[in-house]
Each structure stands twice: as structure tokens, then as C-alpha cells.
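Beneath this line is the structure, given in C-alpha cells, with notes to follow.
Here is the naming used below: chain letters follow the sequence lines, and residue numbers restart at 1 for every chain.
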Amino acid sequence: MSELRETRLEKARALAELGQGPYALRFDPSHRTAALQQDHADLAKGEERDLEVAVAGRVMTRRVMGKLAFFTLADETGPIQLYLEKSTLDGPPPEVALADGAAALGSYAQITSLVDAGDLIGVRGTLRRTDRGELSVKVTAWWMLTKGLQPLPDKWHGLADVETRYRQRYLDLIVSPQTRETFRRRARMVSAMRRWLDERDFLEIETPVLQSVPGGADARPFETHHNALDLPLTLRIATELHLKRLVVGGFERVYELGRIFRNEGISTRHNPEFTSVEIYQAYADYTDMMDLTEQLIASVCEQVCGSTTITYQGTEIDLTPPWRRGTMHELVEQACGLDFNAFTSREEAAAAMAAKGLEAPALADSVGRLLNEAFEQTVEADLIQPTFVTDYPVEISPLARNHRSKPGLVERFELFIVGRETANAFSELTDPVDQRQRLEAQQDRRAAGDLEAQGVDEDFLQALEVGMPPTGGLGIGIDRLVMLLTDSPSIRDVIAFPLLRPEVRPEGHPQGHQEP
RNA sequence: GGGUCGCUAGCUCAGCGGUAGAGCACUCGGCUUUUAACCGAUUAGUCCUGAGUUCGAAUCUCAGGCGACCCA
């Protein structure tokens with residue numbers, strides 16, 4: 001069963017006997033492969049360049065033909081071919097050694113028999129472009145850096161099994177340039193976002209992940225426990241309430257980009273831990289936050305994709321500001337003809353929805369909640385191009401301030417792109433008395449069985465009593481934005497290690513040779 | 001939570017009631033211009049798990065596990 005592994009362990013022992021263990025200490029590459037490919041693009045077929053280089057990486061493929069062999073060596077920047085000639089390698093060994101004293105190995109027989117696809121090796125040699133036009137390192141000396149004991153995925157099909165791609169992401173990264181590019185781009189996006197905010201004097205301040213009162217969103221938390229204090233704690237479901245405390249404290253522009261945890265289902269759009277950025281700007285309202293959202297996302301897109309027009313799953317998406325804006329009432333009326341301003345009772349609204357074939361769940365116990373239901377059922381999926389949906393019902397927005405001119409509504413928007421909620425923002429509620437009533441109403445719902453309703457955070461209310469300036473607040477779902485900008489259909493494609501059920505391995509039969 | 005599909009050699013898959021198969025990988029042999037190298041030989045399996053139907057099950061039925069997609 002593990003014959004291949006035994007064979008490779010045997011080769012590791014053979015390397016040790018040759019004075020070079022299978023796990024080296026260090027190596028000094030002179031170049032990365034992409035730089036070599038670029039710098040020597042002018043080298044003609046069949047020509048050699050008398051420049052000694054040292055490169056390190058993973059052996060991806062091996063082609064051995066008698067007294068000549070070709071390996072493909074890949075480092076982080078990409079592949080380069082190794083040209084292995086018996087007459088060169090069996091000559092006098094070069095006077096070079098690793099820092100830890102390991103002698104360079106020379107002989108052709110050794111490199112072709114002791115090096116497998118998947119091993120990490122370092123080589124020295126000169127440059128040569130083969131007759132077939134492939135830039136190659138003509139190897140004069142080599143070192144085993146790390147002997148691999150497991151085979152690489154099929155070199156032609158790659159990792160076709162999506163489950164293995166998620167469970168063993170390292171294999172996916174080794175064989176899939178596309179996956180590497182996704183995570184590179186994710187890193188650049190996060191970096192560009194921080195840079196954009198930092199340049200505008202926003203301070204990133206870290207707030208607690210472990211909290212005794214979960215708040216800032218409607219979601220079920222993960223529960224945990226602090227032993228020394230014998231204290232039940234939950235993982236944060238939002239960063240909102242602590243960032244607002246910082247605004248109370250006098251920081252006028254703050255943000256936090258970090259991990260959020262919500263104890264909910266898994267889908268192509270949901271992972272129980274995900275990344276958000278929440279941004280708060282004193283003396284601003286939700287219209288300012290709309291402008292900020294457009295500018296921030298357009299800027300990041302431009303930097304990462306080179307344009308504000310992108311293609312997502314075959315559909316062209318134009319992120320060039322300004323974006324479409326519409327109130328929830330307008331959009332629902334356009335989609336299904338129901339004017340929710342006209343309804344004076346829940347029953348009336350529910351009956352009108354039923355007449356249109358829409359569902360009116362019992363948990364939606366007010367006209368406002370039914371409006372939101374109608375929105376989700378008739379509008380949301382069709383908001384493909386970026387759209388700000390504004391002016392939400394107060395019942396579903398316990399942290400947003402009342403609308404300046406529309407009773408029963410709040411100053412809030414959500415951003416939808418490709419039918420997905422991508423950002424959420426308010427003119428923040430600064431009135432502590434109103435805020436207390438809103439949170440107590442939430443708590444009542446919670447007592448009535450709504451597990452996603454928030455509790456009352458007394459310390460947060462106290463902070464509001466000290467006085468929070470008028471403030472605009474914004475949250476952006478980073479994972480969904482990464483999906484958009486990397487053309488990824490599933491959130492699992494943009495999270496390096498998505499949550500999966502633990503793999504079941506039959507007892508006494510460890511799969512993949514993991515030690516017990 | 002509901003539905004559909006998948007799970008067979010290390011990898012990618014075929015087989016769909018009658019001796020467990022192919023390509024690649026591995027091992028051995030040959031080969032100095034390959035790049036899915038090629039040629040020859042060998043090795044490799046709890047057909048996801050359990051129960052049932054049957055003379056006989058990878059194949060049919062039921063239950064369970066894990067995953068994917070769609071819906072809520």
C-alpha cells in the first residue's frame with residue numbers, strides 16, 4: 001500500500017549514506033526562474049550562456065532518456081527546465097558546498113535515480129536554450145533539499161477532485177497556477193485596501209474576538225469558555241460595537257479588517273469564519289459611505305485587475321463609479337408591482353404578497369420585515385451590476401439611525417453585486433435612548449425564539465451615553481469581493497482552508513500514511 | 001432542512017448481476033533534444049461503510065458516511 005513511500009524512504013537513506021541527508025538546512029538561489037526566463041529571452045536555440053546560476057524548487061516532471069535527462073523545476077515564480085547530461089555530470093565535481101557542509105552531488109546516475117517528481121532540490125549550472133527552444137539550466141551540481149515521500153497529483157489531469165483541493169490545499173497550490181493566482185490576488189486586494197484606508201488617515205485598531213455579549217449583527221455565535229475566569233464567551237459576529245466605542249473615544253476614522261465567526265450553514269457564499277472590513281468615519285453619513293465604498297472598491301479593482309470592468313462567470317461587471325442607487329421600496333415595486341408604502345398592516349401586506357405568489361413567513365411579523373422578504377424573493381438575485389439598495393425598515397436595522405425624512409425607515413444601504421450582498425452601511429444610531437429600545441426589542445425577539453437576534457450590550461449603551469459623534473459606518477465582505485475579482489464561483493475557492501467536516505479514516509488504516 | 005449527482009489502484013477514470021480493468025505514476029530494462037517524452041516488462045484494490053435481495057453484488061434495494069451542485 002505504501003510501497004511508493006517505502007521506496008522514497010529507501011532513497012532518503014541512500015542519500016544519507018552519500019553524505020547528504022534528505023533534509024538540507026539551507027540553499028542560496030542566485031535567481032528565481034521567472035527572472036531567468038525574462039532576462040534570457042534573447043538566448044537563441046542551441047546556444048549556451050556562460051553564466052553560473054543557482055536555482056531551487058520542486059521537481060515537477062522527469063524525462064530520462066539514456067544519457068540525457070530533462071527535469072522541470074518550479075519555484076514560486078514558475079518553471080524552468082533542467083538539462084542533465086551524463087557527460088557533464090560525471091565529470092569532476094565542482095568546488096561548491098552548502099553552508100551546512102553538504103557536498104554537492106554530481107553523478108548522473110544519482111540524480112536520475114534518487115530524485116523523484118515532488119522532491120525539492122537545488123542546482124547549479126549554466127544557461128542553455130535547447131534545440132527545441134526551452135530555456136534550461138545545464139546542471140553541474142545538485143543538492144537534495146527535501147525528499148518528498150508522497151506522490152504529486154496526476155501531472156496531466158491535476159487535482160480534479162474538489163474535495164482534495166480543499167482538504168489538501170498544498171497539493172492544489174503545487175499543481176494549479178490558477179489557485180496560486182487567486183490567493184496572490186487576494187493578498188494584493190487586502191493590501192491595497194489597507195493602503196487606501198491608511199492613506200486617508202484611517203487607523204486600523206484591533207478589537208476583541210472573544211466577547212461576553214455578541215452584537216453588531218443578527219447571527220448565531222460560536223460559544224466557548226475561558227477557564228481561569230470560568231467565563232462563557234462567544235466569538236465575535238461583527239466588529240461594529242467595539243469600533244464605535246473607539247469613535248466615542250475620539251478616533252474619527254477607524255477600521256478593522258479581520259476574521260468574523262458566525263455559527264451558520266455552509267454554502268458557495270458562506271463559510272463559518274470569513275473576513276470583513278468595517279470602516280467608521282465621524283461626521284459622515286451613509287451617503288458619504290456610499291461614495292467611499294465606490295471609490296475604495298473601484299480603486300482596489302483597478303489595482304488588482306488593471307481595470308474597473310471585469311468579467312465574472314461570463315458576465316461583464318462594470319465597477320466604474322458612480323453605481324446605481326435605488327430605495328428598497330422602489331426596487332420591490334419595480335420588480336413585483338407591490339407598493340409597500342401603501343400597506344397599513346402586516347395582514348394587508350401578506351395578502352398582497354400571497355396574491356403575487358410570494359411567501360410571507362410567520363417570523364416576518366411586520367410590514368417592514370415583509371418588505372425585506374419581498375426584496376429577497378424578487379429583487380436580490382437580479383442585482384447583477386453594482387447597486388446600492390437604500391432606506392431599510394427600522395425593524396431589521398437595530399443599529400442604524402432613523403431616516404431624516406422617512407418614518408419607519410433608517411439611513412442604511414446594502415451593496416449588491418452579481419446578486420450577492422457585498423457591503424452594508426448606515427448612518428450610525430447615536431441616540432442612546434433609542435438604541436436601548438432597539439436592543440431591548442431585539443432581546444424580546446430572542447426570548448421569543450429568534451436565535452439570531454442580538455442581546456443588550458450595556459457597556460456599548462454606556463459608551464453612547466458618553467456621546468458618539470455623527471458617524472457613517474460600513475462593512476464589506478472581503479471574501480465575496482475576492483470571489484468577484486478572481487472570477488471564483490465558490491467562497492471555498494478564495495479561502496485557503498475552508499471549513500470541512502473532518503475526514504473519516506478507517507481505524508488502523510491511516511489514509512495517506514499519516515502517523516497515528 | 002429538501003432535491004440531484006458522485007465515491008472503483010497513488011492520480012484520472014471505465015466497468016453497471018458472472019474471474020477487478022485502462023492510461024498516467026511507482027519498480028526494472030532500453031534510449032543524448034525531451035517537455036502528457038517514447039518502447040518493453042513487472043507491481044499495485046476493504047470497488048466509501050453496513051445490512052438486505054440473489055446460486056452469485058463493484059453492479060440491484062435500504063440505511064449510514066463524506067463531498068459537489070441546486071433550492072430553502
Side-chain angles (χ1 to χ4, degrees), chain A residues 1-11 14 33 37 44-48 59-74 78-90 108-109 112-119 128-139 148-168 171-172 174-176 264-270 313 358-364 373 376-377 380-381 419 451 489-493 498-514:
Chain A
M1 168 135 177
S2 58
E3 191 184 322
L4 182 142
R5 182 170 181 263
E6 282 305 321
T7 305
R8 293 192 171 198
L9 281 170
E10 188 53 50
K11 291 179 181 179
T33 62
Q37 299 278 13
K45 286 180 184 176
E47 295 293 308
E48 295 197 22
V59 176
M60 302 304 291
T61 60
R62 285 164 26 100
R63 295 176 292 281
V64 180
M65 49 206 70
K67 300 183 180 67
L68 182 68
F70 300 94
F71 288 4
T72 305
L73 187 77
I80 194 164
Q81 181 167 268
L82 303 184
Y83 179 95
L84 307 161
E85 198 176 40
K86 182 169 167 60
S87 54
T88 305
L89 280 158
D90 285 353
Y108 180 78
T112 54
S113 67
L114 297 177
V115 176
D116 294 299
D119 291 351
R128 175 195 182 92
R129 190 174 296 280
T130 62
D131 297 347
R132 300 293 179 89
E134 189 76 33
L135 184 68
S136 309
V137 176
K138 184 175 170 186
V139 176
L149 302 181
Q150 298 284 334
L152 291 181
D154 190 284
K155 66 183 170 193
W156 181 240
H157 299 97
L159 258 189
D161 179 5
V162 288
E163 183 178 351
T164 308
R165 284 180 44 212
Y166 299 145
R167 286 196 194 279
Q168 295 180 266
L171 292 179
D172 187 25
I174 288 169
V175 300
S176 168
E264 57 194 19
I266 296 175
S267 77
T268 48
R269 295 173 295 280
H270 298 88
Q313 303 293 296
L358 303 178
E359 278 191 58
L363 208 58
E373 279 293 333
E376 288 179 358
Q377 290 175 46
E380 191 169 327
L451 295 167
S490 169
I491 196 170
R492 270 167 294 214
D493 296 326
L499 184 68
L500 297 173
R501 221 177 271 274
E503 194 171 13
V504 179
R505 287 174 174 158
E507 216 174 319
H509 293 275
Q511 195 183 339
H513 322 298
Q514 275 80 0

May I ask which nucleotide in the shown strands pairs with [N], Watson-Crick or G-U wobble, both distances under 3.5 Å?
N: B:G29; result: B:C39
N: B:U61; result: B:A51
N: B:G21; result: B:C13
N: B:G67; result: B:C5

Using the side-chain heavy atoms of [X], tell me which of these nucleotides is nearest: [options].
X: A:Phe70; options: B:U33, B:U32, B:U35; value: B:U33
X: A:Thr268; options: B:C31, B:C70, B:U27; value: B:C70
X: A:Asp116; options: B:C66, B:U32, B:U27; value: B:U27
X: A:Tyr83; options: B:G67, B:G10, B:U32; value: B:U32

Taking only the [atom1] atom of each, what is the distance from [N] to [M] in whole angstrom?
N: B:C48; M: B:C11; atom1: P; result: 13 Å
N: B:C5; M: B:G10; atom1: P; result: 28 Å
N: B:C13; M: B:C60; atom1: C1'; result: 23 Å
N: B:U33; M: B:A68; atom1: P; result: 47 Å
N: B:C7; M: B:U59; atom1: P; result: 12 Å
N: B:U43; M: B:C55; atom1: P; result: 36 Å
N: B:G15; M: B:A9; atom1: C1'; result: 14 Å
N: B:A25; M: B:U61; atom1: C1'; result: 37 Å

When we call it a touch if two heavy atoms are under 4.0 Å apart, what does [X] touch: a base, just sugar-phosphate, or nothing?
X: A:Thr130; answer: base
X: A:Thr164; answer: nothing
X: A:Arg492; answer: sugar-phosphate
X: A:Lys11; answer: sugar-phosphate
X: A:Tyr166; answer: sugar-phosphate

To the nearest Å, give me how far apart [atom1] ([X]) and [atom2] ([N]) are.
X: A:Leu4; N: B:C26; atom1: CG; atom2: P; answer: 8 Å
X: A:Leu68; N: B:U35; atom1: CG; atom2: P; answer: 12 Å
X: A:Leu500; N: B:C7; atom1: CG; atom2: P; answer: 19 Å
X: A:Asp161; N: B:C24; atom1: CG; atom2: P; answer: 22 Å
X: A:Arg5; N: B:A25; atom1: CZ; atom2: C1'; answer: 18 Å
X: A:Lys45; N: B:U35; atom1: NZ; atom2: P; answer: 14 Å
X: A:Asp154; N: B:A25; atom1: CG; atom2: C1'; answer: 8 Å
X: A:Glu163; N: B:C69; atom1: CD; atom2: C1'; answer: 14 Å

Does [X] reach the side chain of [Y], with side-chain heavy atoms less than 4.5 Å apart?
X: A:Glu373; Y: A:Leu358; value: no
X: A:His270; Y: A:Ile491; value: no
X: A:Arg8; Y: A:Asp119; value: yes

Query raised in the report: Taking atom CD of A:Glu359 as the centre, does the number of heavy atoms from other residues, nucleotides or ligands within less than 6.0 Å exceed 12?
Result: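 Count not over threshold, so no.
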
**Report entry** Side-chain (A:Tyr166) to main-chain (A:Leu499) donor-acceptor, under 3.5 angstrom
**Finding:**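 Not confirmed, A:Tyr166 side chain does not pair with A:Leu499 backbone.
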
Requested in this report: Spell out, as yes or no, whether a donor-acceptor pair under 3.5 Å connects the side chain of A:Asp90 to the backbone of A:Tyr108.
Outcome: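 Such a contact is found between A:Asp90 side chain and A:Tyr108 backbone.
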
Query - Shortest non-hydrogen contact between A:Leu4 and A:Leu149, atoms and distance - result: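 For A:Leu4 and A:Leu149, the tightest heavy-atom pair comes out as CD2-O, 3.8 Å.
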
Query raised in the report: Quick one: on RNA chain B, does A:Thr61 or A:Leu159 contact a more 5' nucleotide (nearest heavy atom)?
Result: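 Between the two, 5'-proximity favours A:Leu159.
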
Query raised in the report: Hey, which of these two, A:Gly133 or A:Leu152, hits RNA chain B nearer its 5' end, going by closest nucleotide?
Result: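 With A:Gly133 and A:Leu152 compared, the 5'-side residue is A:Leu152.
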
Requested in this report: Measure distances between side-chain N and O atoms of A:Arg128 and base N and O atoms of B:U33, and say whether any donor-acceptor pair falls under 3.5 Å.
Outcome: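 Counting by modelled atom types and ignoring angles, a donor-acceptor contact under 3.5 Å is found here.
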
